[in-house]
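Working notes, beginning with the structure itself.
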Amino acid sequence: MYISRELLEKVIREAGAIALGYFNDLKNLEVTKKSSRDLVTEADVAVEAFLQETLSREYPQYGFWGEESGQSENQANRWIVDPIDGTHSFTKGQYFWSISVALEIAGEIVFGAVYVPTVDDYYCAEKGMGAWKNGMPIKVSGEQNLGDSMVATGFACLRNYLEDNNLQRFCRIAQKTTGQRRFGSAAMDICMVADGQVDAFWEQELNLYDVAAGALIAMEAGATVTDFKGNPGIFPKQILVTNGKLLEQILPLM
Ligand code: IPD
Ligand code: CA
Ligand code: CA
């Protein structure tokens, strides 16, 4: 295999401890705006710097792409990292934020880990080896009826004031489902589908670092990962993740 799962878990949990250090001292947290609706904090930067330094030392053969520092030279085989997914939630002292680390080899995601430090949940998967949470195998829910399902989404697209800003889609789907959630961390949302806590998730205008790790974990747990037309694959600008039983029912509403 390309990596040591044990070493990766140790490194990502250490990154979680760094994040929690800032999380437990929010009154002194430096927060800046990257754009009109995008925040970045010193915690995002510190966690990413730790991951880049550590992963580049342990695996010099792989490049690095982090949300805050951008892309290193070698992008053929690379780590794809969102140091804190759910920064806005983080700054408000909420539980729902995560650290997302994926390894892409020759264009394919082969390892993914999403760590939620506030509840100490570590999700991971290697291609073809199943999906795990805290060392136990996980799988998608058995929900067969969209009308009884719980779905999650996000509104990244509001940032771009796009014509299609997800609000009408949300209303269509909300009227056909029992529960709707907007947790605030797309990486974590996708892992909740993998873990059967949510039956489907969709969002537009994300980036690969938001979804790469979660998408592998979800696929290894039996989820479908498609675009809004049902084409299989990881499409950050239009991602739909379902428990596999609801795909045909939800597609007409997308
Ligand atoms: C955000 C979260 C959120 C999603 C936003 C993303 P960030 O990530 O994933 O759930 O709706 O579009 O930008 O910016 O906190 O890393
Ligand atoms: Ca993110
Ligand atoms: Ca982020």
Side-chain angles (χ1 to χ4, degrees), residues 12 15-16 18-20 22-23 26 29-52 64-71 79-102 109 112-118 121 123 151-162 164-167 169-170 173 180-194 197-198 200-218 225 228 234-241:
I12 294 167
I18 293 170
L20 284 174
Y22 289 95
F23 187 69
L26 289 177
L29 183 69
E30 244 176 72
V31 183
T32 50
K33 276 197 161 186
K34 283 195 287 193
S35 70
S36 63
R37 298 173 72 104
D38 257 330
L39 304 178
V40 60
T41 75
E42 56 183 321
D44 297 77
V45 173
V47 168
E48 183 162 315
F50 167 77
L51 287 170
Q52 179 160 19
F64 188 90
W65 174 21
E67 176 176 3
E68 308 310 341
S69 61
Q71 298 186 347
W79 296 103
I80 301 173
V81 170
D82 189 341
I84 293 179
D85 182 58
T87 297
H88 201 179
S89 304
F90 182 97
T91 65
K92 306 297 275 183
Q94 295 172 6
Y95 297 107
F96 297 116
W97 50 274
S98 61
I99 297 172
S100 180
V101 177
I109 307 299
V114 175
Y115 182 40
V116 188
T118 50
D121 276 345
Y123 297 89
V151 297
T153 188
F155 295 95
C157 46
L158 281 178
R159 287 178 176 72
N160 300 331
Y161 307 100
L162 284 177
D164 173 2
N165 61 17
N166 196 33
L167 294 174
R169 179 174 299 105
F170 175 77
I173 295 172
Q180 306 78 27
R181 297 291 184 273
R182 198 286 188 254
F183 290 111
S185 167
M188 202 195 69
D189 290 322
I190 298 172
C191 288
M192 292 176 89
V193 177
Q197 296 180 49
V198 162
F201 164 79
W202 78 91
E203 190 161 353
Q204 299 138 262
E205 298 308 309
L206 291 169
N207 289 286
L208 189 56
Y209 44 70
D210 295 305
V211 303
L216 177 66
I217 293 164
V225 177
F228 289 3
I234 302 175
F235 303 97
K237 297 300 177 200
Q238 207 185 68
I239 186 166
L240 170 62
V241 182

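When a ligand or atom number is given, it counts from 1 through the structure's own listing order. In this text, all values refer to a predicted model and were calculated from it rather than measured experimentally.
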T87: numbered ligand 1 atoms lying under 4.0 Å from its heavy atoms: 15 (O)
Contact atoms of ligand 1, heavy-atom distance to G184 under 4.0 Å: 2 (C), 3 (C), 10 (O)
Taking the side chain as every heavy atom from C-beta outward, state whether [X] and [Y] have any atom pair closer than 4.5 Å.
X: S69; Y: F64; value: yes
X: V45; Y: V40; value: yes
X: K34; Y: E68; value: yes
X: I239; Y: Q204; value: no
X: L240; Y: F235; value: no

Residue selection (non-hydrogen contact nearest atom 16 (O) of ligand 1) among E203, E205, E67, M188: E67
With no hydrogens and no angle check, is any side-chain donor or acceptor of [X] less than 3.5 Å from a backbone partner on [Y]?
X: E48; Y: P83; value: no
X: S185; Y: G86; value: no
X: N165; Y: L167; value: yes

Name the closest protein heavy atom to [atom], giving the residue it belongs to and the distance to 0.1 Å.
atom: atom 13 (O) of ligand 1; result: R159 NH2, 3.5 Å
atom: atom 12 (O) of ligand 1; result: A156 CB, 2.7 Å
atom: atom 9 (O) of ligand 1; result: D85 OD1, 2.7 Å

S89 contact mode with ligand 1 (heavy-atom cut-off under 4.0 Å): neither
Donor + acceptor pair across side chains of S100, D85 (<3.5 Å): no
Counting only nitrogen or oxygen atoms and a 3.5 angstrom limit, does [X] reach ligand 1?
X: G86; answer: yes
X: D82; answer: yes
X: H88; answer: no
X: A186; answer: yes
X: I84; answer: yes

Parallel, tilted or perpendicular: ring planes of W97 versus F23, cut at 30 and 60 degrees: tilted
If only protein N, O or S atoms under 3.0 Å count, total around the Ca ion (ligand 2): 3
Contacts of type side-chain contact (heavy atoms from CB on, under 4.5 Å), residue Q238, not counting sequence neighbours: D227, F228
Presence of salt bridge, R169 and D164, under 4.0 angstrom: yes
